[in-house]
Number of protein chains: 2
Amino acid sequence: MPAPPPGEPGQGSPATRRRGEGLLRAIYTATIDQLAACGYSGLTMEGVAASAGTGKASLYRRWASKDDLIIEAVNHVLLGAADLPDTGSVRDDLLDLLRRTTEVVASPTGCAFYALMRGNPSERDFAMLAKKRLMQPRHALVLELLQRGVERGEVRPEAVTPLIGHVGIAMVSHLIMLNDGQVTPDDLVLIVDDILMPIVRVRDDQPSKSSTTRSLSG
Amino acid sequence: MPAPPPGEPGQGSPATRRRGEGLLRAIYTATIDQLAACGYSGLTMEGVAASAGTGKASLYRRWASKDDLIIEAVNHVLLGAADLPDTGSVRDDLLDLLRRTTEVVASPTGCAFYALMRGNPSERDFAMLAKKRLMQPRHALVLELLQRGVERGEVRPEAVTPLIGHVGIAMVSHLIMLNDGQVTPDDLVLIVDDILMPIVRVRDDQPSKSSTTRSLSG
DNA sequence: CACATTAGATACGATTGAGTTCACTACGGC
DNA sequence: GCCGTAGTGAACTCAATCGTATCTAATGTG
């Protein structure tokens, strides 16, 4: 139950109802929590209303359906900032970015977004929205970070690919799934040092063409 | 609706009901399909019965609850074979294994298992069971394959880690999620050649200690 | 063929949730 | 303080589902 906002100064009577923005925020949060807890199929208007500490009538006054509510909640819920780190080294940038990405992915909001992205084809619109808000900005940051590494001579130009841009977050979400929502700081260091850096960094044996990669493993 | 089995020879009257094993198989399949379609929360006994073309009474005759049914279905549903490929090169072994893993992960059964693994803490027992049947055998195969590559001099010994063993399947499941269930053969080749091989293969600049990895990226 | 068992269809009472309505009252602005 | 609006709680009808029970008939075995 959210704490009621303080009453007017000098009036001594605290307000007992939320109104407007405060209630909206509680409803969005409740929607995300329900999505994280039981996915799209399991989310009910009753559950959202109960979790938000309000009544169904307040939901239906604003949204005609569960779908409308979800779309708006996904659009408006707060996500962590998506900024490009600048530590001076690609390794440390990747680590910093991966930490921040992990915080978001491991949060209830992250869980809710993943639930939408993994839904079945009838839930495609939600999936696209979740990808647009959660995945695309962070993916773009990784590629930008790698490109900057290329310009610094730290990263192979051939490593700046959409696929390689997904490795970090793929590993994090996989570990979260396998380890009951837990990823340790050590895990992140290992992902960067043992997986990402071997892939992206300029090598001493670096030829300029990726076709040589195949003949080496031939 | 499953095709009815042929009638007795010479009798001309096809059977209209399944019995025993045939019905069990249909129920397991229906359970997995429902899990894949609407997750644990959304799965109903009515839905499973309808999908299996049977009645609820046949379900309740065998299982006291939805949970009991799910546990048994997860235990008994067929998964693709988990065999160690032997193509003569680590690269081709990884590709072969990744193809087979992808077939399973992208199937309705794979979807159902992932739905269970990503459920909330109250569904932990299901998650553990799904990990045990789907993830562990395939993870073990990757490590075994990498270890064999070490013995052949193709793979760095430091690359045979639990974390690196997860990279392939993490990437595949991530792409499936992002691309509406689709992963192309080209994607798999890129995962092997651009991600897995750079991580695992013996390098021309190969020192024997992994601590040098960090100072190179420092 | 006779018989025991199982499958399938249906109905039932209870519960949950969707969507709606209503009465009361809290709240903010004037 | 007055008034219009929004929030709250409860009740309502309808649909879906749960778990149970019953009946008919399909099926396999001796």
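Throughout, protein chains are lettered first and strands after them, A, B, ... in sequence-line order, and every chain is numbered starting at 1.
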- Basic-acidic side-chain contact under 4.0 Å: B/Lys131, A/Asp180: yes
- Query: Can a donor-acceptor pair under 3.5 Å be found between the side-chain atoms of A/Arg61 and the base atoms of D/dG7?
  - Reply: yes
- Compare the minimum distances between each of D/dT27, D/dT5, C/dA18 and the side chain of A/Arg19, then state the nucleotide with the smallest one. D/dT5
- Task: Ignoring hydrogens and angles, answer whether the base of C/dA18 and the side-chain atoms of A/Lys66 contain a donor-acceptor pair closer than 3.5 Å.
- Result: no
- Nearest-Å distance for atom pair CG/P, residues A/Leu59 and C/dG17: 14 Å
- Message: In this structure, how many angstroms lie between the P atom of C/dG28 and the CD atom of A/Glu21, rounded?
- Response: 14 Å
- Query: Between A/Ser58 and D/dT8, does any side-chain N or O lie under 4.0 Å from OP1 or OP2?
  - Reply: yes
- Query: Could you state the interatomic distance from CZ (B/Arg118) to CD1 (A/Ile176), rounded to the nearest 0.5 Å?
  - Reply: 11.5 Å
- Item | C/dG19 OP1/OP2 closer than 4.0 Å to side-chain N/O of A/Tyr60 | yes
- Separation of A/Glu46 atom CD from D/dT8 atom P, in whole Å? 16 Å
- Under the 3.5 Å rule, do the base of C/dG17 and the side chain of A/Lys56 count as making a donor-acceptor pair? no
- Is any N or O donor-acceptor pair between the side chain of B/Arg17 and the base of C/dT6 shorter than 3.5 Å? no
- Scan A/Thr44 against the nucleic acid and name what it touches under 4.0 Å (heavy atoms): base, sugar-phosphate only, or nothing. sugar-phosphate
- Note on the structure: note: A/Arg25, atom CZ; D/dG7, atom P; distance rounded to Å ~ 13 Å
- Item | Whichever of A/Ala57 and A/Leu43 has its nearest DNA chain C nucleotide further upstream toward 5' | A/Leu43
- Query: Reckon B/Gly47 touches a base, only the sugar-phosphate, or nothing at all at heavy-atom distances under 4.0 Å?
  - Reply: nothing
- Could you state the atom-to-atom distance from CE of B/Met45 to P of C/dG8 in whole Å? 15 Å
- Hey, mind stepping through A/Asp186 and A/Thr184 against side chain to side chain donor-acceptor pair (under 3.5 Å) and telling me if it holds? CA-CA 5 Å; A/Asp186 285 350; A/Thr184 69; 5.1 Å; no
- Message: Side chain of B/Arg62 only, heavy atoms from C-beta on: which candidate in D/dT17, C/dA7, D/dG9 is closest?
- Response: C/dA7
- Task: Hey, can you tell me if B/Tyr40 and B/Phe126 have their rings parallel, tilted or perpendicular (30° and 60° cut-offs)?
- Result: tilted
- Query: Taking only N and O in the side chain of B/Thr16, is any of them less than 4.0 Å away from OP1 or OP2 of D/dA26?
  - Reply: no
- Item | Contact summary for A/Asn75 and A/Leu129, nearest pair of heavy atoms | OD1-CD1, 3.6 Å
- Message: Using the side-chain heavy atoms of A/Leu23, tell me which of these nucleotides is nearest: D/dG7, C/dC22, D/dG19.
- Response: D/dG7
- Which is true for A/Ser65 with a 4.0 Å heavy-atom rule: it touches a base, it touches only sugar-phosphate, or it touches nothing? nothing
- May I ask you to verify if any side-chain N or O of B/Arg18 is less than 4.0 angstrom from the OP1 or OP2 atom of C/dG8? yes
